[in-house]
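As the structure is a computational prediction, the values presented were derived from the model and not from experiment. Order of the sequence lines fixes the chain letters, A, B, ..., with proteins taken first and strands second; residue numbering starts at 1 for each chain. Note that these values count all heavy atoms, side chains included, but never hydrogens, waters or copies made by symmetry.
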Protein chains: 2
Amino acid sequence: MKGTSKKSSVRTWIVEDNDMYRQTVAESFEGHPQISLSQNFPNCEELFDFIESGTENPPDVLLMDIGLPGMSGIEGVKQLKEARPGIQIIMFTVYQDNDRIFRALCNGASGYLLKNSTAEEIEKAIFDAVEGAAPINPQIAKKVLEMFFTVQPPANDYGLTSREKEILELLVEGFSKKKIAGQLYVSFHTVDSHIKNIYTKLQVNSGNEAVAKALREGLI
Amino acid sequence: MKGTSKKSSVRTWIVEDNDMYRQTVAESFEGHPQISLSQNFPNCEELFDFIESGTENPPDVLLMDIGLPGMSGIEGVKQLKEARPGIQIIMFTVYQDNDRIFRALCNGASGYLLKNSTAEEIEKAIFDAVEGAAPINPQIAKKVLEMFFTVQPPANDYGLTSREKEILELLVEGFSKKKIAGQLYVSFHTVDSHIKNIYTKLQVNSGNEAVAKALREGLI
DNA sequence: CGTAAAATACCGTGATTGCGGGATATACAA
DNA sequence: TTGTATATCCCGCAATCACGGTATTTTACG
């Protein structure tokens, strides 16, 4: 269906500066019936040269080290994703710090494996990636979740009434008191009173502060 | 070291309303040397009753269905995490919609598996969870990444100068023009001019709008 | 060296805001 | 019934803001 012609083999390349490690990975896929690890590079520069030479079509999946000489794997992901968005890139690294994880994923990496992964895990990750999924090492996934789902205090709403929330929302949208009054078909004075109450409840004393507090604490 | 006494067996419970499915999972771990699936429940209410009864210590890991009669698995995660934050909860469901994924992870779920998982995958996920990692199905992980790492237009800064950014920041902090002038040891008129330029560049015409735009688009 | 951009400073005016009052009506709970 | 909360409305005034000018000095850069 849908014209997705099943490929006989997932074409995979690897960028890894440690010669021995690169060879080991390459060899572990030799003779693999569904994965052909057809090219490997010691750094990003050679990868890009090869792609631009047009000698061979780009791969389906790329395993990318992060700690590379010259251009880092993080920067490599960014540039490769810009040039060839279709390639699924799996980071393949020893680094587990939030900053590298964040930047790699920001730049468009589809997966993030640690170098202690078994050949089976790498194999599964390649299949996952080519199917549009995101193979992420559970330890890394934990950090990603922590980055975004940090247990936030359940959105203190400062006891704002629904009317006050409504007006706060319009304030955030940039409307003046007069415009808000028009929008809600009430008098300017009413809006003014509500805003006074909002300021008191939020413990602020200017529109700017109220808007900042509302946006920062997700009050709207 | 550190007093972490290795447990001989990972104690795991499951909440799943489909009797047959629940039995199947339970049976697949019967006689497992390191995982004891010691209790199973058809809904959250019975789970909580059992926990409160104190008959047995809470488990290390809980497999939690989402589509449950009565209290949903999402709500169950929230309440259980509040009561017993130490329990690692793995969602175990057919649902793949962003909203359920988001809410489950928000409420503190450590993992998210699909029901088509193999026994080996579940086994690995339980071990991952108890070690503090986050076993997430790659398809789900992809959605999580999309939720947060959507290729955002590279932070348009509207050509603000560094001084203008500085002043915008102070504006967001709720300072008045006069206060900003004092803070920066410049005249009120200078600040006024900068703010005029900021408004022009951001295409807004009030402090509220500028603050909202700055916060929403991460200009600061 | 020259020039453009940035930062600085000033003026005036009308609009808007922040905030101090106070008032009325309605609804709901004690 | 009597409060309490919510929403509505009004007044006034000092402070602040938005915005139209103009102009000087500093900085950056070819």
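In this model, a side-chain donor or acceptor of B:S193 finds a partner on the base of C:dA9 within 3.5 Å.
Across the protein-nucleic acid pair, B:L171 atom CG and D:dT16 atom P stand 14 Å apart, rounded to whole Å. In this structure, B:F188 places its CZ atom 14 Å from P of C:dG12, rounding to the nearest Å. Atom CD of A:E166 is separated from atom P of D:dT8 by 8 Å (rounded to the nearest Å). The separation between A:K201 atom NZ and C:dC19 atom C1' is 17 Å, rounded to whole Å. In this structure, B:H189 places its NE2 atom 18 Å from P of D:dG21, rounding to the nearest Å. For B:I167 and C:dA9, the CD1 to P distance is 10 Å, given to the nearest whole Å. One atom, NZ of A:K196, and another, C1' of C:dG18, lie 8 Å apart when rounded to the nearest Å. Whole-Å rounding puts the A:N205 CG to D:dC17 P distance at 11 Å.
Distances from the side chain of B:K178 to the nucleotides C:dT16, C:dA6, D:dT16 place D:dT16 closest. Closest contact between the side chain of B:K177 and the listed nucleotides D:dC17, C:dA7, D:dA7 involves D:dC17.
Distances shorter than 4.0 Å separate none of the side-chain N or O atoms of B:R163 from OP1 or OP2 on C:dA5. Proximity of A:S176 to the phosphate of D:dC17: no side-chain N or O atom is located under 4.0 Å from OP1 or OP2. Remark: B:Y199 is not in phosphate contact with D:dC19, judged by side-chain N or O atoms under 4.0 Å from OP1 or OP2. Listed pair B:S206 / C:dT16 fails the phosphate criterion, with no side-chain N or O lying under 4.0 Å from OP1 or OP2. Side-chain nitrogen and oxygen atoms of B:S162 include none within less than 4.0 Å of the OP1 or OP2 phosphate oxygen of C:dA6. For C:dA7, neither phosphate oxygen OP1 nor OP2 lies less than 4.0 angstrom from any side-chain nitrogen or oxygen of B:T190.
When each of B:L184 and A:N208 is assigned the nucleotide of DNA chain C with its nearest heavy atom, B:L184 is the one assigned upstream, toward the 5' end.
Nucleic acid contact for B:T200: none, since no nucleic acid atom lies under 4.0 Å from a heavy atom of the residue. Contacts of B:D192 with the nucleic acid, taken as non-hydrogen atoms under 4.0 Å apart, include base atoms.
Salt bridge annotation for B:K179-B:E173: absent, with no cationic side-chain nitrogen under 4.0 angstrom from a carboxylate oxygen. Under 4.0 Å is where a charged nitrogen must lie from a carboxylate oxygen, and between B:K143 and B:E146 no such pair does. No salt bridge links B:E75 with B:K78; every basic N to acidic carboxylate O contact stays at or beyond 4.0 Å.
Considering CZ of B:F149 and CG of A:N107, their distance stands at 10.0 Å, rounded to 0.5 Å. Note that CG of A:L80 is 5.0 Å distant from CZ of A:F48, once rounded to the nearest 0.5 Å.
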